[in-house]
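Treat the numbers as computed from the prediction; the structure is a model and nothing was measured. The figures that follow rest on heavy atoms only: side chains count, while hydrogens, waters and symmetry mates do not.
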Amino acid sequence: MITRLFSLIPQKSSFIFGPRGTGKTTWLKTQLEAPVYLDLLHSPTFLRYSADPAALEFLIPKGSTGPVVIDEIQRIPALLNEVHRLIESRGITFILTGSSARSLRKAGVNLLAGRALTRHMYPLTAIELGDRFNLEDSIRYGHLPSLLTEPDKQAYLSSYVSTYIKEEVLQEGLTRDIGAFARFLEIASFSHAAVINYSAIAREAATHRKVVENYFSILEDLLIGSQLPVFTRRAKRKMTATPKFFFFDTGIYQTLRPKGPLDSYSEVSGPALEGLFLQDLRAINEYRGLEYQVYFWRSQAGTEVDFVIYGERGLKAFEVKHSKTLRQKDLAGLQAFAHDYPEAELYLLNLGDTIEYHGEVTVMPLAHALTSLDSLL
């Protein structure tokens, strides 16, 4: 049994956002005793409350303050009006899950502005996996919880990509040409852990730049991908302004990424390593309430640091390398960053097996960093 680090504040209404398959429903059913549970993926339930959102009140026992769980709330945004009313009039606590933010942005702004906290659930972390964590498996298959019981992990991931992602796009009517979007997904996989070049992707996809920008927005709305902004505080040199892109789970990236006979292992696994560290970093940051902002750093000359985190706890920079041995040039990005930000803690994470100290840079095995991220942050 995996113990999740995720938690909620008791008696406080909350949104829980996260892609399907990250464990929202399982967590709710095992951790909360809810007198009312609505699953909007259940067709009869969806049809009933689509037709009559006000019927929600009749489900809640007299005197009960909840929590009332509504799973996949984005399927009926009109329910948010009833949720708002019942929070105000009866003091009921609601837990609302969603795997898409697109519909709720329009209908739920008033609820998100104070009446409900917003939390995110991520794939499993190395800390949560404990003894089950295996770096090679994580790089290849990612950390979706269902993989723990799947006999064929690759088949599960392929099904996830072909059904969930494409069905979500069709269901929300986000694009009329699902074939073009499917081609875009493959092309976008080459941008995982890379600065987005909209024009180049548009040329390869044989479409317009605006279409590509919209497709990336769709991935973000469905919580399947996200953009990582550049760190520019007190910049002493010209910085790039274009964000990087990451899929939410490295197994999804690996499944989408076409692999040709001439591709080297590091060409595919290098970005996977970066994505794996980022998804764990984001999860631990939120679950522990650390409140870091997460960035990358890259000058226009091409000097780069993979991840920079900044907050009340300080400034830290991480470079992730797909190599077992340290080369002097591997330190160049961190050293350049330290020149601009001498107060920063510097870490180089690689596939080695020892912790070393090179000037101000701590070189650490990535597997060790992932399993001790709590203390590292």
Side-chain angles (χ1 to χ4, degrees), residues 1-8 14-32 37 39-41 69-75 95-104 116-130 132-133 137-150 153-154 156-169 171-172 185 192 218-226 228 245-256 272 275-289 294 370 373:
M1 180 68 177
I2 297 291
T3 300
R4 299 301 301 259
L5 300 177
F6 181 86
S7 63
L8 294 175
S14 300
F15 280 114
I16 305 175
F17 286 118
R20 287 193 206 164
T22 49
K24 302 185 300 296
T25 301
T26 299
W27 187 89
L28 287 168
K29 288 184 175 179
T30 57
Q31 299 297 318
L32 285 185
Y37 187 101
D39 179 4
L40 298 185
L41 293 178
V69 174
I70 305 179
D71 216 349
E72 301 295 342
I73 183 66
Q74 81 280 349
R75 298 203 71 202
I95 308 300
L96 312 166
T97 80
S99 56
S100 169
R102 195 179 187 96
S103 302
L104 295 181
L117 300 176
T118 299
R119 302 297 309 279
H120 295 86
M121 185 169 282
Y122 298 87
L124 293 170
T125 65
I127 292 173
E128 290 170 325
L129 284 166
R132 297 192 186 192
F133 172 66
D137 277 359
S138 297
I139 293 169
R140 181 65 192 88
Y141 300 113
H143 282 173
L144 291 178
S146 291
L147 291 173
L148 294 175
T149 55
E150 284 292 332
K153 295 180 180 181
Q154 190 53 62
Y156 172 81
L157 288 169
S158 297
S159 175
Y160 184 102
V161 167
S162 63
T163 57
Y164 164 52
I165 293 180
K166 294 174 185 176
E167 282 181 5
E168 283 286 299
V169 171
Q171 184 182 81
E172 295 212 8
L185 280 175
H192 179 83
I218 289 172
L219 292 182
E220 290 197 272
D221 287 338
L222 297 180
L223 310 178
I224 295 163
S226 63
L228 190 68
F245 174 78
F246 288 87
F247 286 98
F248 80 97
D249 178 76
T250 193
I252 299 302
Y253 153 68
Q254 289 269 28
T255 302
L256 286 168
L276 181 65
F277 180 75
L278 178 62
Q279 66 190 63
D280 272 28
L281 173 62
R282 282 176 163 160
I284 298 300
N285 184 41
E286 170 146 346
Y287 297 165
R288 298 307 196 197
V294 185
L370 290 171
L373 206 49

> With sequence neighbours left out, what residues match Ser99 under side-chain hydrogen bond (donor to acceptor under 3.5 Å, both in side chains)?
Replying inline: Glu72, Gln74

>> Restricting to non-hydrogen atoms, name the atom on Pro145 and the atom on Gly23 that form the minimum distance, rounded to 0.1 Å.
In response: CG-N, 4.3 Å

> Which atom pair, heavy atoms only, marks the closest approach of His143 to Leu124?
Replying inline: ND1-O, 2.8 Å

> Looking at CZ of Arg119 and CG of Leu96, how far apart are the two atoms once the value is rounded to the nearest 0.5 Å?
Replying inline: 14.0 Å

>> Using the side-chain hydrogen bond (donor to acceptor under 3.5 Å, both in side chains) criterion, which residues pair with Glu220? Sequence neighbours excluded.
In response: Gln227

> So how far is it from Glu128 CD to Phe6 CZ, rounded to the nearest 0.5 Å?
Replying inline: 10.5 Å

> With a 4.5 Å heavy-atom cut-off, do Leu219 and Phe247 have their side chains touching?
Replying inline: yes

> Are side-chain heavy atoms of Thr22 and Asp249 found at a separation under 4.5 Å?
Replying inline: no

> For the atom pair CG (Leu185) and OG (Ser162), what is the distance rounded to the nearest 0.5 Å?
Replying inline: 11.5 Å

> How far does CZ of Phe17 sit from OG1 of Thr118, to the nearest 0.5 angstrom?
Replying inline: 6.0 Å

>> side-chain contact (heavy atoms from CB on, under 4.5 Å), that's the test. Do Trp27 and Leu8 meet it? Break it down for me.
In response: CA-CA 11 Å; Trp27 187 89; Leu8 294 175; 3.8 Å; yes

>> Would you say that Ile2 contacts Leu148 through its side chain, given a criterion of any heavy-atom pair below 4.5 Å between the two side chains?
In response: yes

>> Going by the rule salt bridge (charged side-chain N to carboxylate O under 4.0 Å, His left out), which residues pair with Arg132 if we only count those two or more places apart in sequence or in a different chain?
In response: none

> Any sub-3.5 Å donor-acceptor pair from Thr125's side-chain atoms to Asp280's backbone N or O?
Replying inline: no

>> Which heavy atom of Thr250 sits nearest to which heavy atom of Ser138, and what is that distance?
In response: CG2-O, 3.0 Å

> Are Tyr287 and Arg4 side-chain neighbours, meaning at least one heavy-atom pair lies under 4.5 Å?
Replying inline: yes

>> If the condition is side-chain hydrogen bond (donor to acceptor under 3.5 Å, both in side chains), which residues does Asp71 pass it with, not counting sequence neighbours?
In response: Thr25, Tyr37, Thr97

> Do the non-hydrogen side-chain atoms of Leu223 and Arg20 ever get within less than 4.5 Å of each other?
Replying inline: no

>> Any heavy-atom pair between the side chains of Thr149 and Tyr156 that's under 4.5 Å?
In response: no

>> Taking the side chain as everything from C-beta on, heavy atoms only, tell me whether Leu144 gets closer than 4.5 Å to Ile252.
In response: yes

> Can you check whether Tyr160 reaches Thr255 side chain to side chain, under 4.5 Å on heavy atoms?
Replying inline: no

> If only atom types and distance count, is the side chain of Lys24 paired as donor or acceptor with the main-chain N or O of Ile16 below 3.5 Å?
Replying inline: no

>> Distance check, rounded to the nearest 0.5 Å: Met121 atom CE versus Thr26 atom OG1?
In response: 9.0 Å

>> Determine whether the aromatic ring centres of residues His192 and Phe246 are separated by less than 6.0 angstrom.
In response: yes

>> Run the salt bridge (charged side-chain N to carboxylate O under 4.0 Å, His left out) test against Asp137 and tell me which residues pass, sequence neighbours left out.
In response: Lys153

>> Working to the nearest 0.5 angstrom, can you tell me the gap between Arg75 CZ and Ile73 CD1?
In response: 11.5 Å

>> Taking Tyr122's backbone N and O only, do any of them form a donor-acceptor pair with Gln279's side chain (distance below 3.5 Å, no angle check)?
In response: no

>> Under the rule for side-chain hydrogen bond (donor to acceptor under 3.5 Å, both in side chains), what residues qualify as partners of His120, not counting sequence neighbours?
In response: Glu286

